Amino acid sequence: VPRAAIGIGSNLGDRAGRIGAAFAGLAKLGAVLARSSLYRAAPWGRRTQPEFLNAAALIETRLGPHALLAALQALEAELGRRPGERWGPRAVDLDLLTYGQDLIVGERLVVPHPRMLERAFVLAPLAEIDPSYAAALRALPSRERADVRRLESGTEAARVEAEASMSEPSVAGGLGAVRELVEAFSASGLVSLAVRRPAFAVNVRRAARSPVASAPPGRNGRASAAVEVESPADAAAIESGADVLVADLVGIVRLSRPAPRVGEELDGDRELAYVEALGIRNPIRSHGAGTVVKIFVADGAAVDYGAPLFAIERV
Amino acid sequence: VFKKILIANRGEIALRIHRAARELGIGTVAIFSEPDRQLPHVHLADERFCVGPGPSARSYLNVPNIISAALISGADAVHPGYGFLAENARFAEICADHGLTFIGPPPNVIAMMGDKATARRVMAEAGVPTTPGTGVLAGVAEAERAAAELGYPVLLKASAGGGGKGMRAVHERADLDGAFATAQAEAEANFKDGRLYLEKLIFQPRHVEMQMIADDHGRVVHVGERDCSVQKPSHQKLIEESPAPHLSAAVLEKLYGTALAATRAVGYRSAGTIEFLVCGDDVYFMEMNTRIQVEHPVTEMVYGIDLVAEQIRIAAGEPLSLPRTALKPRGHAIECRINAEDPARNFAPAAGQLGRVELPGGPGVRVDTHVRGGMLVPPFYDSLLAKVITVAPTRAQALARMERALSELVIDGIPTTRELCLAIVRDPQFADGGVSIDYLRAAQPVAR
C-alpha cells in the first residue's frame, strides 16, 4: 500500500485543536502510521503574520495521488469553515509532501513537494517520524532550524494555545484581547471576521485597498485573491495572480539602476528600488524570480505605508 | 506663524486641530493608520500619509514614519494632540532635531511633569500643596506614629504599587495593625516588594483642574477651572464642566494662586492643565498634564477663546492673543463624553460598525466628533466617539440643554455612554452640583 507524508500547519484560532482534527480526518483517508509532535514556527514570510503550529503525519492509503490531494483539500475546507463564520483559507494547511517513491510533475500536483527540503517547519516534524529526513534538516541554516521548536508535551501545547487564544477576557483585559484579535486579523488573509464574547463583540472587515503581502507563494499567496482592492491597477495585478510589493515605510522611492521595466524577467532575487526615509535606504527586493508586470511609482515619488510599488508575476 | 502643521493624532482631536490650523491659514498634513483611512480630517487635510497598520505601536507611535511624512511634506510644526506622543519628551526632542516645532511645552518640562515623584517634589518646592505623606515605613510602629501625626483617615500604599494593589484605607487606629499586615502581604504577593508608605486620605474629594496658558514672552494666565469629578471607576473622566459649582472664594483663590505659581516655577510654555483634589477648603496638587486636554472645549465655550489656536500661535513664538484684562467666564458649559463602551459591563470597550448617527445641534450645542453613520470603529484606540458640549447663561440651563442634546443624539450599532450621561444629567444629586470623585461608584445612576 502506498505511503504518503502529509505536512500540517495552522495559524488561526485553536491551532492545536485544528491540527488534532486534521489527524483525525487523515485517519479516514487511510491508516495513520505516525504523527509528529506539534512544532511552533516563528512567523514566516516577509510580513509578520500569526505564529504557525506545524506537524506531520505518515499515512498508508489506497487513494491515488490526485484523489488524495482532492481529499486533503476537502479536509482543509471542512476544518477551516464553521457554520456562520467566514474563515479564510488559512485555518489549516494540508500539504502532500511525498507519495511513495512517486515523482509527479503535473499541473495540479507536484510530488515530492518542491519546497519541502528548504523549510525547517516542514522538515522538523517530518524528520521526527521519518529519520531519513534528519540529514536534510541538519543541512538547513541553524538560524532557520532555531525558528522551529518542538512542543515538549500536550501540556505545553495547551499552554501555547492558551496564550495565543482569546481566553474569556476579564473586563480590564477585554480591549487587550480585542487588540490581539484584530492584530491577528490584520496579519491574516481574512476579509471579515465576527467574534462575540461576553465582554465584547467585534465585527471587522478589511478596508479597501489593503496592501497585499508579498510573501513567497505557497504559504499565503492564495489568500491575496480574497482581499478587496480599490485601485483597478491593483485589482488587475492581483487577479492575474501577481505579487504586489508594497512600501512599509513613509519615504521617497529611488529606482535601482538599471531601472526596472515592465515586462522585465527577473531570473532571481533582485533589488528593484529602495525607499529612502530619514537618510536610510531601505531596499525593496523582488523576493525571487518573476516578471515585472506593473510599476506603480515613478523615481523620486513619495510613498506611504502600504503603497503598491511593483507587481511581480511569479513563474 | 507656520506654513504647514502635521497632525500626529486621529479622531476628534485631529479634526479639531485641523480646524484651528485652517482658521489660522495654516496648511495641514494628516497621518493615519490603515483602518482610519476614512476619518474626516484625513480627507480635509491638504496632504495625507498612511503611517502603518491598525495597532498604535506601528502607526500613531511609529516615530520614523511620522517624522518622514513631516519632512517629505515640508511641514514646519507637529501638533501631537492628546495621548499617543503628546507627552513623550523624546518625541519632542526628535522633532526639534529634524527642524520641526513641537507644538507643546519644552521637552524638559514634559519629562519633569511626566515623572510623578519629581513633579510632586518640584511642586512642593514651589509652595504648591501636595498630599501629606511619609517615606517608606520601617514597620507598623512607625506607621502608627505617622498616622497619628497626619490624622486619620490615612491611606497605606505600596511603594512599588499601582492599580489599587497593596492599598488600604485606614479610618481609625484600631484598624491599622490588620490593614498594615494585609497591605504588606498584598504588596509582597503582587510586586515582590512589601514596602509601604502612608498618605493622608483625602476623603471624597472633588477633581478640579486649572487650565493654564503661557507664552514665550513671560506671560502666564489661567483660563479658569474645570470640575471633572464624574469619573468612571478607572478614574477616567466622563462629564466635565466649567466653572466648578459651589467652590468658595477661598478655594478659588488658592487654586488660581497656586496654579499660576506652579506654572511659572516649572518654566511652562503652551497650554497645560494642573489637576487638584479639593476637599473642603483644602487643595492638593495631583499632576500636571502637559498637553491639550480632551475637555478643553468647556473652557473655550465659557471664556470665548480658542485654546488650540493659542497653542499654535505660542509655539510659533507669538505672544498670547488674549486681552490684558482678566478673562471673565460667561455662563456655564458642560461636556459629556460619548464613548464606545458598555457602562453595564464595567465600561468594557466596544468596537464594530456604527449604524445610524444623528448629531444634536441648535443653540448652545457644540459636538466635537469624527464619527459618521456606518463608520467602522476600530478596537485599537481610545473609545471616545463624540464630545457633546452645551453652554448657557446658568448651570441649570446648561444641564437642560444637555438633556435636550443627548436626547437628540443617536449612535446606533454599538453600546455607548449616551444613556448613562443622560441618567447623570437627570440625577437630582448631580443637578445640585459639587459631587465627589466617588459619585459614579456610589450613586449608580441607572442607565435605561
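From a predicted model like this one, the values you see are computed outputs, not experimental measurements. Numbered from 1 within each chain, the chains take letters A, B, ... in sequence-line order.
Here the side chains of A:Y305 and B:P53 are in contact, with some heavy-atom distance below 4.5 Å. In this structure, the side chains of A:D304 and B:V51 stay at 4.5 Å or more apart for every pair of heavy atoms.
Among B:N62, B:N65, B:L71, the residue making the largest number of heavy-atom pairs under 4.5 Å with chain A is B:N65.
Only the side chain of B:I72 comes within contact range of chain A, judged by heavy atoms closer than 4.5 Å.
Here the straight-line distance linking atom CG of B:D97 with atom CG of A:L278 works out to 11.5 Å at 0.5 Å rounding.
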